[in-house]
Student: 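Quick one: the structure is below, and I'll ask about it shortly.
Basis for what follows: all heavy atoms, side chains included, without hydrogens, waters or symmetry-related copies. Heads up: numbering here begins at 1 and tracks the sequence. Every number for a ligand or one of its atoms is a count from 1 in the order of the listing.
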Amino acid sequence: HPGDGYLAWLQYRRITAGTNVDQYAAYNHLVVTEQDDVVIRSAVNELTQGMEGITGRKVSISGKTETTPSIIIGTFGTGLAIDKSFSTGVSDAVKAEGYALQTDSITGNIAIGAATPAGVLYGVFHLLRIMGTGGSVHNLNILENPVNQLRMINQWDNMDGSVERGYAGKSIFYEDNRVTSNLQRIQDYARLLASSGINAIAINNVNVHRVESRLLTEFLPDVAKLAAIFRAYAIKLFLSVNYASTIEIGGLSSADPLDSDVREWWRTAASEIYAEIPDFGGFLVKADSENRPGPFTYGRDHADGANMLAEALKPHGGIVIWRCFVYNCKQDWRDRTTDRARAAYDHFQPLDGRFMDNVILQVKNGPIDFQVREPVSPLLGAMPKTNQVIEFQIAQEYTGQQRHVCYLIPQWKKIMDFDTQLQGEGTTIQRIVEGDVHGNPYSGFAAVSNIGNDTNWTGHLLAQANLYGYGRLAWNPEMSAEEIAMEWITLTFGTNELLVQTILNILMNSWVIYESYTAPLGVGFMVNPDHHYGPNVDGYEYSMWGTYHFADCYGMGVDRTTATGTGYTSQYARINMELYESLESCPDELLLFFHHVPYNHVLHSGKTVIQHIYDTHFEGAERAAGLLDAWKLVKGQVDEEAYQHVANRLAEQAEHAKEWRDRINTYFLRKSGIADQWGRTIY
Ligand code: GCW
């Protein structure tokens with residue numbers, strides 16, 4: 001049923017309106033030049049299902065062109081039909097996961113050619129996307145290669161069925177400390193991921209507890225089943241591993257990375273995995289972070305730890321993805337010199353050059369923790385001799401937990417566009433992440449998933465846009481947030497113009513709206529401890545987690561300057577360091593991240609900090625209410641179940657935004673004693 005959201009953007013609804021609809025019905029014959037590959041079989045299934053849905057006609061399949069126009073798919077060199085569809089110039093330009101998609105102007109045949117079955121699958125999804133959004137299939141002449149090599153999803157799923165920071169129900173992977181037997185749902189997830197361009201997945205939480213440690217051993221046959229499902233969609237499977245597995249499940253007394261028994265244990269473990277899963281991706285590791293074990297216990301560093309695992313995986317072609325989310329989570333709040341923002345860079349940058357070439361460091365997009373607004377992590381691009389991937393959080397831990405709408409692509413675009421200046425002007429995060437700047441063997445994107453077993457996958461139906469958008473952006477970061485939103489909306493809801501425009505406006509404004517009624521000017525946090533939902537200005541102020549705002553009766557913000565503060569600014573290239581260091585040039589939206597200022601400090605906008613807080617919070621709550629008003633106008637234009645669901649969430653958001661507004665405004669009125677210039681109600 002479309003209203004429940006299960007089919008998400010793969011609905012393949014019958015296209016009956018629009019200028020190009022008459023074109024599609026002619027394509028009910030499919031030519032496949034190779035049959036014996038699992039990924040090609042997925043592509044054929046998808047195309048058949050898609051075409052039958054879109055045209056309402058049955059599709060026939062054969063090995064060669066019998067009728068025209070046909071859709072011809074295959075890898076280059078597997079048959080005449082595919083090979084005569086493309087010039088060598090085209091086939092040479094198609095890289096490993098890329099594809100060419102062309103319409104023959106004489107026969108009308110549409111050919112999808114690729115170097116690998118994965119490329120064929122991506123090409124098929126592209127064609128279905130064109131039809132699903134009502135595009136013309138005449139005169140197609142498309143060639144695409146993914147910009148980023150690794151396009152990965154991290155599940156934070158635990159085997160008891162819970163999901164860390166999960167806002168869409170329980171795990172679809174596990175229940176009762178076992179791997180689920182509902183493999184259909186996992187296959188559908190694989191389809192969703194592949195259709196957006198994802199090619200890797202780590203299937204368990206980076207916080208690996210006791211049971212999950214045994215995914216490497218006892219549960220390996222189940223893991224192999226999951227790997228087979230993902231393999232058919234060209235997605236490589238990874239496991240998050242417990243750094244101290246040798247102790248936890250290996251019967252050893254140490255996890256010292258330089259201990260030969262420990263190394264041997266990992267080599268054997270790796271061999272056993274590859275015996276079951278020959279194309280296993282490798283390990284994802286959170287070590288010496290938030291109380292997880294790591295090499296520090298043995299006086300070793302992250303390079304020692306990562307290299308031990310990399311050495312075990314190397315003979316099998318596996319990789320280690322080592323997370324850089326390392327900081328002191330037992331900090332004394334009285335200590336103003338320790339700065340959590342500095343931690344990742346301080347820990348890892350000096351290790352550049354020490355990691356094996358099959359180690360990738362996974363760096364969160366910002367230096368703190370997926371806040372609504374943070375500067376870009378200075379560690380990204382600062383280790384020329386080391387593979388890095390950027391980590392995003394699709395799960396909305398700090399951005400409304402999928403109860404509030406917050407379309408994150410604009411935030412990620414802003415990050416991709418940031419010019420690190422590390423190798424002169426134009427050294428953008430996008431270029432660093434795609435591997436263009438330092439030429440390391442591995443690079444790309446990773447992100448924490450936002451799905452669970454809720455029928456609609458993401459809790460909030462509109463949060464599906466973040467999952468879809470993440471994949472699309474990882475494939476091609478040149479796409480605009482708006483383009484991505486338009487694709488998702490039309491594939492999911494159809495082409496009704498009022499509906500499309502309404503959802504587009506909601507999505508495109510949602511990040512800024514969310515920011516405006518929550519923690520101001522980049523200062524971050526101000527949430528309830530532990531679950532992180534809802535306002536609590538001092539929730540973390542006197543805690544050990546290193547996330548403070550330092551508000552007193554005069555002012556607020558964190559002095560991270562090199563001149564008088566924690567020196568965090570010095571981790572950036574000189575020109576950015578100067579940008580942030582100076583009050584004159586520091587962008588308003590990050591002011592309180594970098595500076596401690598009085599409440600009457602005047603922003604570039606011309607407003608004082610305190611008046612900015614009042615204004616944005618009143619306005620933010622009002623705009624949140626406006627989202628619901630806008631949605632009400634599409635009643636009757638959209639499936640009733642979906643309408644009600646979104647209406648309920650938006651109503652909740654509007655109420656909760658008022659709570660945020662009043663808590664923040666009241667807190668700062670009481671601290672500062674400065675009245676709102678417009679005399680609005682503050683409690
Ligand atoms: O954002 C924080 C979360 C933790 C998470 C951690 C991490 C998996 O609050 O729940 O643990 O980040 O990224 O490791």
Student: Output yes when the distance from some N or O of ligand 1 to some N or O of E397 is under 3.5 Å, and no in every other case.
Tutor: yes

Student: Counting non-hydrogen protein atoms only, what is the nearest one to atom 8 (C) of ligand 1? Give residue, atom name and distance.
Tutor: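 Nearest protein contact, heavy atoms only, for atom 8 (C) of ligand 1 is N207 ND2, 3.3 Å.
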
Student: Below 3.5 Å, N or O to N or O, backbone or side chain included: is there any such pair between S289 and ligand 1?
Tutor: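 Among all N and O atoms of S289, none is under 3.5 Å from an N or O of ligand 1.
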
Student: Checking a contact table here: which protein heavy atom is nearest atom 10 (O) of ligand 1, and how many Å away?
Tutor: E164 OE2, 2.4 Å

Student: Would you kindly specify which portion of V448 sits under 4.0 Å from ligand 1, judged on non-hydrogen atoms: side chain, backbone, both or neither?
Tutor: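 Near ligand 1, V448 shows nothing, with every heavy atom at 4.0 Å or more.
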
Student: Hey, is ligand 1 close enough to E391 that some N/O pair sits below 3.5 Å?
Tutor: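 Not met; the criterion fails.
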
Student: Got more than 12 heavy atoms from elsewhere within 6.0 Å of CZ, R210?
Tutor: no

Student: Verify whether one side chain among D369 and Y398 offers a donor that lies under 3.5 Å from an acceptor in the other.
Tutor: yes

Student: So which of K286, H531, R323, E290 gets nearest to atom 13 (O) of ligand 1, if we judge by its closest heavy atom?
Tutor: R323

Student: Y167 and H460: aromatic ring centres closer than 6.0 Å?
Tutor: no

Student: Given Y517, which of H617, H404, R661, R663 fulfils the side-chain hydrogen bond (donor to acceptor under 3.5 Å, both in side chains) condition?
Tutor: H404

Student: R165 to ligand 1: N or O pair under 3.5 Å?
Tutor: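 Yes.
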
Student: Just which atoms of ligand 1 are under 4.0 Å from any heavy atom in D369?
Tutor: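 In order of number, 1 (O), 2 (C), 12 (O).
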
Student: Regarding Q187 and Y233, do their side chains bring together a donor and an acceptor under 3.5 Å, going by distance alone?
Tutor: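 Distance-only check passes for Q187 and Y233.
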
Student: Which residue pairs satisfy the salt bridge (charged side-chain N to carboxylate O under 4.0 Å, His left out) criterion with at least one member in residues 371-388, sequence neighbours excluded?
Tutor: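 Checked against salt bridge (charged side-chain N to carboxylate O under 4.0 Å, His left out) - neighbours excluded - the pairs reaching residues 371-388 are R373-E515.
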
Student: Would you mind running through ligand 1 and noting each atom that sits below 4.0 Å from a heavy atom of V206?
Tutor: 8 (C)

Student: Can E589 and K414 be said to form a salt bridge (charged side-chain N to carboxylate O under 4.0 Å, His left out), step by step?
Tutor: CA-CA 12 Å; E589 72 266 17; K414 174 116 189 157; 3.5 Å; yes

